[in-house]
J.: 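Below you'll find the structure I mean.
Letters A, B, ... are given to chains in the order of the sequence lines, protein chains preceding strands, and every chain is numbered from 1.
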Amino acid sequence: MGNSPSKLAVVVLAAGQGTRMKSRRAKVLHELCGRPMLEHVLCAAESLDPERLVVVVGRDAEEVQERFSGRCEFVLQAEQKGTGHAVLQAEPKLADFDGDVLVLYADVPLLRSESLQAMRAEKQRDGADLLILTAEAPTIPGRILRDSVGRVERVVEMQDATKEELAIAERNTGVYLLDAQLLRSCLARLEASNAQGELYLTDVVQLAVGDGKKVSASLLDDADECLGINTREELADAVAVLRGRINRRWMEEGVTIVDPACTYIDMDVEIGRDTLIEPGCQITGATRIGEGCRIKAYTTIESSQLMDDVEIGPNAHLRPNVELGKGVKIGNFVEVKNSVIGAGTKAAHLTYIGDADVGAGVNFGCGSVVVNYDGISKNRTTIGDDVFIGCNVNLLSPIVVQDHSFLAAGSTLNREVPQHALAVARAKQRNVEGWMKRRQAQKEAAQRKKEEARKDGSDE
Amino acid sequence: MGNSPSKLAVVVLAAGQGTRMKSRRAKVLHELCGRPMLEHVLCAAESLDPERLVVVVGRDAEEVQERFSGRCEFVLQAEQKGTGHAVLQAEPKLADFDGDVLVLYADVPLLRSESLQAMRAEKQRDGADLLILTAEAPTIPGRILRDSVGRVERVVEMQDATKEELAIAERNTGVYLLDAQLLRSCLARLEASNAQGELYLTDVVQLAVGDGKKVSASLLDDADECLGINTREELADAVAVLRGRINRRWMEEGVTIVDPACTYIDMDVEIGRDTLIEPGCQITGATRIGEGCRIKAYTTIESSQLMDDVEIGPNAHLRPNVELGKGVKIGNFVEVKNSVIGAGTKAAHLTYIGDADVGAGVNFGCGSVVVNYDGISKNRTTIGDDVFIGCNVNLLSPIVVQDHSFLAAGSTLNREVPQHALAVARAKQRNVEGWMKRRQAQKEAAQRKKEEARKDGSDE
Amino acid sequence: MGNSPSKLAVVVLAAGQGTRMKSRRAKVLHELCGRPMLEHVLCAAESLDPERLVVVVGRDAEEVQERFSGRCEFVLQAEQKGTGHAVLQAEPKLADFDGDVLVLYADVPLLRSESLQAMRAEKQRDGADLLILTAEAPTIPGRILRDSVGRVERVVEMQDATKEELAIAERNTGVYLLDAQLLRSCLARLEASNAQGELYLTDVVQLAVGDGKKVSASLLDDADECLGINTREELADAVAVLRGRINRRWMEEGVTIVDPACTYIDMDVEIGRDTLIEPGCQITGATRIGEGCRIKAYTTIESSQLMDDVEIGPNAHLRPNVELGKGVKIGNFVEVKNSVIGAGTKAAHLTYIGDADVGAGVNFGCGSVVVNYDGISKNRTTIGDDVFIGCNVNLLSPIVVQDHSFLAAGSTLNREVPQHALAVARAKQRNVEGWMKRRQAQKEAAQRKKEEARKDGSDE
């Protein structure tokens with residue numbers, strides 16, 4: 001027993017069919033807070049810096065391999081013959097490996113890196129040959145039987161349990177950390193003692209105990225970490241747990257979240273202190289938000305960067321690849337996409353800014369549009385500093401608007417605007433006096449005619 | 001005891017005044033998930049295919065009868081004299097009826113059809129004369145006393161209960177299924193033994209037992225089904241339960257609901273597999289949504305049809321009677337109303353489409369409007385296939401836009417646009433150089449003048 | 001013991017550093033439902049009509065004093081030396097005071113006025129010298145030990161408690177009501193018997209008991225009232241409790257709230273009967289809403305007045321100082337700010353109305369904008385009755401639009417419009433036949449060129 005933990009290989013079982021999801025998509029690709037289910041498990045595994053990372057895929061192998069290509073090795077479990085059979089498929093990849101093997105499940109995505117690290121430390125401290133991760137999770141059927149000194153004697157399945165055993169709160173999560181040699185030796189002895197001819201990984205426990213090996217169990221503090229996902233309802237439940245975890249983290253870091261139950265922040269988001277998030281915001285991808293920002297209600301921010309003191313919303317939308325400078329204000333019903341916006345610029349209402357480089361101190365009037373698409377291609381627009389863009393102005397890209405210029409309301413502009421210039425494209429106002437009276441008379445005449453026609457019709 | 005259940009009559013008590021709702025509207029017309037309270041009960045009753053369906057109405061008789069005219073018979077309970085008195089008013093409608101009578105309550109709207117069908121099967125299987133629906137619902141005061149073989153002996157009201165009886169978890173929901181003859185015989189013997197002179201239907205139980213009839217009780221699996229609604233808070237609680245039931249149903253059917261706690265789907269909606277619903281969506285009326293759609297956050301869809309692979313939102317709104325073809329994309333801050341939209345058409349931002357027939361492959365630019373109202377009448381617009389509609393374009397209906405045409409940004413159009421044509425109505429851009437500098441000078445002069453005036457004023 | 005309660009002084013401890021909030025802002029200025037934390041406590045204190053109201057401030061003294069200047073007296077606790085030390089700082093302000101002193105905490109903002117009034121009544125009825133507010137709150141460490149007749153003997157801190165004492169559910173909230181003389185006498189005897197050299201107010205209890213004074217305890221019905229806030233998570237929890245309280249109140253008053261868990265109503269809002277609030281609405285400030293209104297989903301209303309029968313939303317926004325007349329309809333993606341809108345006026349979609357006085361029966365077309373800002377100053381707009389404003393119209397303020405006029409779609413208007421006039425500023429539509437075919441040919445040529453270039457490039 002050395003002081004540094006043994007070398008590690010991780011096997012992730014990801015071959016389950018997920019029939020109860022009723023989905024055309026691979027179960028393990030369904031997302032939780034911006035990451036596919038399997039990616040949560042891969043991230044946790046990668047945080048342990050394993051020598052090998054093997055994912056056992058099944059029916060949806062192609063889709064899964066394509067998504068995670070280069071990030072791990074894949075082995076195929078062509079038939080669904082149980083968890084033991086799945087690990088057996090991974091064995092060739094571990095043939096020459098002599099450290100510890102950690103078995104994880106792609107549909108148990110909430111296990112935290114810290115809990116896995118604790119398992120490793122515990123196995124080493126205990127000098128255990130096999131460490132079982134356990135939890136007080138009433139929905140898991142397998143009970144953990146410990147002897148008088150706390151070592152694991154057996155895993156008892158519900159159907160085989162006595163009344164006393166049924167009352168045991170500690171359950172088998174199926175996550176094991178064990179010596180590679182022990183694993184190989186046990187896998188070789190697994191038997192399909194059931195009607196379906198399946199091999200169960202759980203039987204490894206009994207074999208190890210039978211061999212006189214030291215089997216320990218490590219109890220999760222938070223049983224939610226071992227939630228398994230077989231249905232969309234369980235997916236929603238797991239998302240809710242993960243959301244709570246993410247939101248608590250940011251509140252601890254000094255972010256005010258008005259209603260954590262209705263705030264949707266992806267795993268990879270970062271948020272500065274004293275930023276306040278009103279109800280219903282969705283913040284996704286690798287978004288970075290500075291300090292002192294205010295994200296108002298029902299705003300969606302995707303993969304964007306916000307400097308300090310930005311205000312956005314309510315009901316605003318940043319699509320991917322937006323950079324907002326310090327103190328930018330984006331108001332209600334405004335969409336920004338793939339644009340860089342300078343400090344202090346404002347777009348208060350009903351505006352679309354797409355594919356634009358915008359200076360500082362610019363004012364976008366209500367209804368103004370950066371027209372980035374002409375039906376053939378998307379083009380980029382450049383707007384200088386301190387430009388005033390009037391309401392309902394269309395900027396037909398590619399266009400350059402120089403600093404300190406003024407674009408008159410209602411103008412559609414397609415030529416460069418020089419510095420300090422007024423650009424206008426507008427017809428002159430005409431007032432046609434009495435027009436409404438004449439129209440009213442016409443309307444009434446039409447009404448009369450209609451009624452007469454109806455009367456004639458009903459006379460027939 | 002035959003093999004098919006007896007003929008059935010249903011009496012629904014809907015005469016309660018609902019004073020605690022503090023509403024001008026009849027209590028039983030308040031809505032849960034798109035249906036008035038009473039309609040939930042009528043739907044459950046109708047699913048049993050009853051020979052008679054009698055609703056006892058009271059103070060708000062007119063409003064209720066108007067809403068459900070033709071769907072059931074109505075009798076008036078002019079005075080509020082208790083549940084027994086209410087059923088007595090319905091008796092004339094059942095005078096010649098010799099099957100079973102089921103008594104339901106308009107303000108207990110969550111009872112599922114399945115539970116009522118189970119009652120009928122149970123009554124027949126037991127050979128019971130009277131079957132009481134019971135629930136482990138701590139807020140219901142009436143306790144069910146059963147004898148040693150499980151038959152009901154008595155309903156004990158809280159104020160009359162011994163300490164042991166108070167501990168009984170099984171309670172009387174007030175929903176009864178009983179032989180019409182037994183009902184008539186018991187109703188005739190009800191006595192107003194209380195200060196208010198009211199007749200209680202519950203007394204039927206004691207009378208039946210006294211007659212030596214067989215009285216059984218059927219326990220609800222889910223006590224939430226018998227939630228009664230007397231206040232708006234109870235209404236909100238019942239809506240939450242119903243919402244959970246609806247959302248679970250669609251998750252089981254293969255729909256991903258990111259946050260079921262914040263997703264609002266009406267009873268009559270249908271949704272295809274692998275459709276994903278982001279937080280905060282409201283989907284109402286008889287909306288039909290295809291497979292593989294994505295309904296983004298804070299989108300409202302009312303009584304519309306979406307083919308497969310439609311994307312909509314975030315923050316979009318379909319008002320009633322919209323049909324979206326396969327692969328249509330409706331983006332943020334877009335409203336569509338009473339329109340048919342062809343496959344693959346896109347309206348990505350800040351658009352209103354009203355009363356329009358739109359072809360396939362059309363692109364609506366940001367801020368474009370189908371102007372369906374001219375201040376006098378609403379007119380219909382026709383847009384062909386592959387039309388490109390520029391930003392902030394107004395289409396004054398009635399107007400026809402032919403296939404493959406291009407409508408220039410910023411144009412207001414009121415005449416037909418031929419195939420392959422460009423339509424434009426726009427003033428030319430003028431740049432007035434140096435305008436901002438002159439304006440700045442004027443502004444500063446004005447500022448100076450103002451300050452001087454202020455100084456003069458403060459000198460006085 | 002007289003019949004009317006003694007004179008009252010209130011001391012509010014607001015000097016805590018709030019380190020765990022990780023905020024640049026004073027902890028007691030963080031908001032719950034539209035009011036800073038401390039203001040909740042001040043409002044409760046003020047409802048008791050105290051003779052003196054003293055707030056003990058600390059590190060953030062300046063920021064707090066500025067916010068509440070004129071509303072109370074302030075004393076500074078320069079060093080954080082415990083609650084007893086904090087009250088000592090307030091003593092000079094109470095030197096000549098001979099009534100009761102109530103000690104409150106700025107970070108315990110949910111205590112209701114009714115509970116404080118009950119404390120006063122109870123102290124008087126009991127003839128108590130010191131009344132402790134207690135609660136069955138498992139997270140509070142201090143246990144209340146009562147003697148056989150219910151008088152308080154001691155407060156036992158967790159670390160000093162026996163096993164039996166640990167099981168005591170009644171806890172010390174730290175809120176005390178006591179005779180000023182007793183307070184002075186006890187404060188003088190407080191000792192710093194701990195490592196940090198702090199003085200604890202809790203020690204007053206033991207001193208009073210030692211003096212033979214009568215010490216009583218008053219148990220809160222609802223332990224949530226004594227929730228203390230030290231972190232942003234606790235802030236969010238307290239906000240949720242307060243929100244529930246506010247929403248229940250309005251449901252009791254006859255307002256339908258479809259999803260109370262997702263409805264955000266500030267403390268000072270008032271709402272009339274039979275108004276229905278859909279999910280996700282935020283109603284803030286001193287907003288007044290009439291009867292029979294419908295506030296549709298994801299609408300934000302700030303400090304505005306709505307007469308009866310107004311419809312607004314979904315996804316609409318009223319910024320401060322809006323008055324909507326009876327029956328006004330504000331639809332989706334509409335913003336109104338600082339404006340008065342006459343009865344029956346409609347703005348159905350994608351409109352901004354800022355700084356305007358609008359008559360009755362006006363129709364705002366989709367995309368119309370009241371352009372209140374010209375880049376220099378904000379100006380006011382006046383619109384008469386029965387005006388029809390076409391889609392995408394810009395009204396450049398200051399402008400006057402007289403009654404019964406018609407503003408043609410797509411016009412930008414900057415001159416007064418007389419009664420019954422048509423105002424139009426629009427270029428005429430031109431159809432350029434075959435344009436798209438020519439463009440298509442150009443596009444294909446460009447495409448070919450590009451491909452050839454690419455081919456050439458890859459040949460190199």
J.: So do B/E233 and C/N247 actually touch side chain to side chain, heavy atoms under 4.5 Å?
T.: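 With C-beta onward as the side chain, the pair stays apart.
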
J.: Run the salt-bridge test on C/D259 and B/R243 with the 4.0 Å N-O cut-off and return the result as yes or no.
T.: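 Between B/R243 and C/D259 there is a salt bridge, with a charged N closer than 4.0 Å to a carboxylate O.
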
J.: Given that the side chain runs from C-beta out, which part of B/N414 has a heavy atom under 4.5 Å from chain C: side chain, backbone, both or neither?
T.: both

J.: Taking B/R319, B/M21, B/R24 one by one, which has the highest count of heavy-atom pairs under 4.5 Å against chain C?
T.: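 When all of B/R319, B/M21, B/R24 are compared, B/R24 has the most.
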
J.: I'd like to verify something: which residue of B/V369, B/T231, B/V239 has the highest number of heavy-atom pairs under 4.5 Å with chain C?
T.: B/V369

J.: Find out whether C/E433 and B/H420 are in side-chain contact, i.e. whether some heavy atom of one side chain is under 4.5 Å from a heavy atom of the other.
T.: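 No, side chains not in contact.
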
J.: Need one label for B/Y264: side chain, backbone, both or neither, based on atoms under 4.5 Å from any heavy atom in chain C.
T.: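 Looking at B/Y264, just its side chain touches chain C.
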
J.: Do C/N363 and B/Y373 come within less than 4.5 Å of each other through their side chains, counting heavy atoms only?
T.: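 C/N363 reaches B/Y373 side chain to side chain.
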
J.: Report which part of B/E31 has an atom under 4.5 Å of a heavy atom belonging to chain C: side chain, backbone, both, or neither.
T.: neither

J.: Taking atom types as modelled, find out whether B/R232 and C/T256 have a side-chain donor-acceptor pair closer than 3.5 angstrom.
T.: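 The criterion, which ignores hydrogens and geometry beyond distance, is satisfied for C/T256 and B/R232.
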
J.: If you count heavy-atom pairs under 4.5 Å with chain B, which of C/K428, C/R248, C/H349 comes out on top?
T.: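 Maximum pair count with chain B is reached by C/H349.
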
J.: If we define contacts as heavy-atom pairs under 4.5 Å, which of B/Q419, B/K443, B/R25 has the most with chain C?
T.: B/K443

J.: Of all of C/E253, C/M436, C/R439, C/Q429, which one pairs up most often with chain B through heavy atoms under 4.5 Å apart?
T.: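 Between C/E253, C/M436, C/R439, C/Q429, the count favours C/Q429.
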
J.: Flag the one option from B/C33, B/A408, B/S23, B/A236 with the top tally of heavy-atom pairs under 4.5 Å to chain C.
T.: B/S23

J.: Please check if any side-chain donor atom of B/N315 sits under 3.5 Å from a side-chain acceptor atom of C/Y298, or the reverse.
T.: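 Looking only at side-chain atoms, C/Y298 and B/N315 do not form any donor-acceptor pair under 3.5 Å.
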
J.: Based on non-hydrogen pairs under 4.5 Å, which of C/F406, C/W435, C/W250 is most in contact with chain B?
T.: C/W435

J.: Any side-chain heavy atom of B/L422 within less than 4.5 Å of one from C/N431?
T.: no

